[in-house]
Amino acid sequence: MNTTRTAATARYLVLTGMAVAVLLPFVSIVLAALHPSGAQISGLSIPESWTWSNFADAWRAANFSNLVKSSLIIAAGVVPLALVLATLAAYSLATLNPLGGRAISVGFVLGLTLPIELVVIPLYFDLRQLGLTNSYVGVILAETALFMPFGVYWMQTHFASIPGELLEAARVDGARSFTILARVLMPISWPAITTLGLLYFMWSWNQFLLVIVLMQNPDMRTAPSGLGFFVGQYSTNIPLLSAASLIVIGPIVVLYLIFQRNFVSGITQGAIKG
Amino acid sequence: MADTDTAVLPGRTPVRPGGTSPVRGRRRRSRRLIALAYIAPAALVYIGFAIWPAIHTVYLSFLSWDGILPATWAGLDNYRAIFTDSMLGPSLWHAIVLILFFAVIPCALGLFMTALLQGTTRGMTTFRVIFFLPQVLPLVAVGITWRWLYNDEGLVNQGLRAVGLDGVTRAWLGDYNLALIALGFIGTWAMSGLCMVLFLAGAQKIDTSLYEAVAIDGGGPVRRFFAVTLPALRGEITIASVITTIAALASFDLVFVTTNGGPANQTTVPGLLVYRLAFNESNIGGAAALAVVLTLIVIVFVTAIRRLTREKP
């Protein structure tokens with residue numbers, strides 16, 4: 001009895017140690033962000049006076065009003081568009097037995113391993129010709145395309161897990177394929193769609209390379225990509241940089257804490273089924 | 001009734017009963033064509049904005065082009081440059097070194113923790129939320145945070161001083177020999193949680209009677225791990241290695257904000273040079289060739305991992 005309790009204590013000590021290792025960097029930048037702007041600070045130090053103005057200063061200096069607006073516009077385009085397209089395609093691939101469906105599924109899945117580096121150069125030159133650089137539409141379409149393999153795959157696995165009898169019953173009742181999707185499948189698919197939507201939002205919010213290439217206009221960049229250039233300008237002002245970083249990770253951390261189950265299951269299950 | 005054979009799992013073609021009438025066959029065929037209409041919008045966007053650019057990159061890699069003037073055919077020159085240029089070759093090597101820190105160490109650590117923690121359930125939700133946190137953050141912000149931690153006055157050096165290792169302190173990301181390793185450890189920090197969460201979830205599904213069987217045979221915890229846990233986690237190990245290896249090879253964001261390839265090009269990675277060649281140095285062909293080689297390396301590694309971890313009959 002005693003040994004099991006010792007073992008359990010040891011386990012929790014290890015777990016706590018790991019948790020501290022993960023969290024310390026955050027503690028460090030939160031403390032740094034609360035020091036006076038431009039202050040010389042060291043590692044983990046409690047500021048003598050708590051300075052909240054860094055957040056407002058960083059917001060102004062990096063022009064976060066524009067950056068966050070761009071981020072939200074892009075996410076508001078990518079998330080619904082990618083969800084609808086992926087759901088429609090996955091529904092067909094999973095239940096309608098389309099001509100060449102197997103090959104199409106493989107074609108989508110192949111996209112999961114392709115690095116963004118492979119597509120970013122022609123995307124820039126082709127979209128520039130179409131007038132779609134420095135354009136929200138260009139970034140939205142490009143991100144939708146890049147996120148499509150995971151979405152189709154995720155929804156296809158979901159639809160395939162629904163018992164066939166349910167679809168049969170609807171078909172016997174004479175429901176058409178779109179009616180089945182809208183009336184029978186959608187009501188029971190919201191958890192899967194919510195998870196996918198959250199992942200799409202996260203990937204869209206975090207996307208960096210694609211945005212700095214397709215958005216040459218600094219005012220149209222997203223929050224992380226703006227931050228990437230902000231570092232260069234204020235590289236020595238640790239409190240200001242820390243505040244800016246916290247502004248950029250804030251929304252995604254809040255979403256994560258609210259929907260942690262969806263995020264964890266989305267990333268781990270989405271990966272495992274592949 | 002007619003459709004009993006169309007409700008299938010993805011990727012499994014239904015076995016068609018032999019005696020279908022031509023009329024029903026034709027109707028089914030037209031229905032299978034209509035089914036394509038559902039896929040069309042997704043496929044169009046995917047082909048137009050992902051597949052076509054990928055093919056276009058391959059074409060560009062055979063050209064000599066500055067992005068403005070007419071391009072000329074370069075044959076394999078851009079590829080030859082990758083293996084002779086003093087910048088390009090090392091960047092591929094750096095990316096492969098990063099695999100150690102992004103993939104190998106996190107997976108090993110994840111397995112070790114799984115062996116240690118298996119069966120622990122109370123409070124795991126909180127720990128899982130914490131361990132998984134780095135997965136959802138923009139790497140740019142992670143990079144800026146670590147720039148500060150690795151700073152002369154940052155947490156890492158403060159910690160070293162606290163334990164009396166004043167002699168080792170340095171600006172880690174500016175150190176000629178250690179910058180790449182310092183960069184790699186950021187990956188270790190970010191990826192270990194993912195591996196742990198994946199493995200712990202997988203280990204929960206293991207039938208406990210298997211462990212009892214090992215115990216009856218007189219096997220200890222080490223035997224238990226190698227005989228039961230490790231084989232049972234085959235699938236999770238494959239996935240974790242694939243995800244983390246791709247993250248290492250195709251890294252860009254993190255390097256861009258932490259070292260930007262420095263000091264003295266000791267931390268250049270292919271992603272960074274693809275960006276630089278194409279958009280700062282107007283060497284589109286060279287950038288495209290490097291992107292193609294990078295993709296091939298990703299495919300080789302992913303295939304190798306799948307082969308290595310595949311179940312042996």
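Just so we're on the same page: letters track the sequence lines, and every chain starts at 1.
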State whether the side chain of [X] and the backbone N or O of [Y] hold a donor-acceptor pair below 3.5 Å, judged by distance alone.
{"X": "Arg11(A)", "Y": "Leu117(B)", "answer": "no"}
{"X": "Asn206(A)", "Y": "Val136(B)", "answer": "yes"}
{"X": "Thr268(A)", "Y": "Leu198(B)", "answer": "no"}
{"X": "Trp189(B)", "Y": "Ala21(A)", "answer": "yes"}

Option that, when pairs with chain A are counted at under 4.5 Å, heavy atom only, ranks first among [options]:
{"options": "Val298(B), Leu149(B), Val257(B), Leu137(B)", "result": "Leu137(B)"}
{"options": "Val274(B), Val129(B), Val292(B), Asp152(B)", "result": "Val129(B)"}
{"options": "Ala54(B), Ala43(B), Ala37(B), Pro138(B)", "result": "Pro138(B)"}
{"options": "Leu249(B), Leu290(B), Thr145(B), Val302(B)", "result": "Thr145(B)"}

Determine whether [X] and [Y] make a side-chain contact, defined as any pair of heavy atoms from C-beta on separated by less than 4.5 Å.
{"X": "Leu127(A)", "Y": "Phe49(B)", "value": "yes"}
{"X": "Ile116(A)", "Y": "Phe252(B)", "value": "no"}
{"X": "Phe125(A)", "Y": "Ile284(B)", "value": "yes"}
{"X": "Val140(B)", "Y": "Val248(A)", "value": "no"}
{"X": "Arg147(B)", "Y": "Ser235(A)", "value": "yes"}
{"X": "Met124(B)", "Y": "Leu15(A)", "value": "yes"}

Heavy atoms only, distances under 4.5 angstrom: which of [options] has the most pairs with chain B? Name it, please.
{"options": "Leu114(A), Val14(A), Leu146(A)", "value": "Val14(A)"}
{"options": "Gly232(A), Gly107(A), Ala8(A)", "value": "Gly107(A)"}
{"options": "Thr113(A), Leu141(A), Leu255(A)", "value": "Leu141(A)"}
{"options": "Ile249(A), Leu88(A), Leu181(A), Leu241(A)", "value": "Leu88(A)"}
{"options": "Ala89(A), Ala90(A), Ala103(A), Pro122(A)", "value": "Pro122(A)"}
{"options": "Ala142(A), Pro25(A), Gly138(A), Ser245(A)", "value": "Pro25(A)"}

With only heavy atoms counted, which part of [X] is less than 4.5 Å from chain B, the side chain, the backbone, both or neither?
{"X": "Leu257(A)", "value": "side chain"}
{"X": "Val106(A)", "value": "neither"}
{"X": "Ile238(A)", "value": "side chain"}
{"X": "Met202(A)", "value": "side chain"}
{"X": "Ser225(A)", "value": "neither"}
{"X": "Phe263(A)", "value": "both"}
{"X": "Leu118(A)", "value": "both"}
{"X": "Tyr124(A)", "value": "side chain"}

What distance do [X] atom [atom1] and [Y] atom [atom2] have between them, rounded to the nearest 0.5 Å?
{"X": "Thr236(A)", "Y": "Asn151(B)", "atom1": "OG1", "atom2": "CG", "result": "10.0 Å"}
{"X": "Ile130(B)", "Y": "Phe26(A)", "atom1": "CD1", "atom2": "CZ", "result": "10.5 Å"}
{"X": "Ile39(B)", "Y": "Ser105(A)", "atom1": "CD1", "atom2": "OG", "result": "7.5 Å"}
{"X": "Leu272(B)", "Y": "Glu117(A)", "atom1": "CG", "atom2": "CD", "result": "9.5 Å"}
{"X": "Ile51(B)", "Y": "Met148(A)", "atom1": "CD1", "atom2": "CE", "result": "11.5 Å"}
{"X": "Leu23(A)", "Y": "Leu133(B)", "atom1": "CG", "atom2": "CG", "result": "7.0 Å"}

Step by step, work out the side-chain contact (heavy atoms from CB on, under 4.5 Å) result for Ile246(B) and Leu112(A).
CA-CA 10 Å; Ile246(B) 294 177; Leu112(A) 284 172; over 6 Å; no
Do you know which two heavy atoms are closest between [X] and [Y], and how far apart they sit?
{"X": "Phe279(B)", "Y": "Ile121(A)", "result": "CZ-CA, 4.3 Å"}
{"X": "Val119(A)", "Y": "Ala50(B)", "result": "CG1-O, 3.4 Å"}
{"X": "Arg32(B)", "Y": "Asn97(A)", "result": "NE-O, 2.8 Å"}
{"X": "Pro115(A)", "Y": "Thr295(B)", "result": "CG-OG1, 3.7 Å"}

Can you say whether the rings of Tyr38(B) and Tyr91(A) are parallel (under 30°), tilted (30 to 60°) or perpendicular (over 60°)?
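Taking Tyr91(A) first and then Tyr38(B), their aromatic rings stand perpendicular (interplane angle over 60°).
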Using the ring of each side chain (for Trp, its six-membered ring), is Tyr256(A) parallel, tilted or perpendicular to Phe132(B), with breaks at 30° and 60°?
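Plane angle under 30°, so parallel.
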My understanding is that only residues two or more places apart in sequence, or in another chain, count here; which of them pass ring pair (Phe, Tyr, Trp, His ring centres under 6.0 Å) with Tyr59(B)?
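Tyr59(B): no ring pair (Phe, Tyr, Trp, His ring centres under 6.0 Å) contacts found.
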Could you work out, with ring pair (Phe, Tyr, Trp, His ring centres under 6.0 Å) as the rule, every residue matching Phe108(A), not counting sequence neighbours?
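For Phe108(A) the ring pair (Phe, Tyr, Trp, His ring centres under 6.0 Å) partners, ignoring immediate neighbours, are Tyr46(B).
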Against chain A, label [X] side chain, backbone, both or neither, depending on which of its atoms sit under 4.5 Å from a heavy atom there.
{"X": "Pro41(B)", "value": "both"}
{"X": "Glu153(B)", "value": "both"}
{"X": "Ser251(B)", "value": "backbone"}
{"X": "Leu139(B)", "value": "neither"}

Distance-only side-chain donor-acceptor flag, Trp148(B) / Ser28(A), under 3.5 Å:
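Result is yes, a qualifying pair exists.
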Would you please test Ile212(A) and Tyr275(B) for side-chain contact (heavy atoms from CB on, under 4.5 Å) and show each step?
CA-CA 10 Å; Ile212(A) 63 172; Tyr275(B) 175 76; 3.7 Å; yes
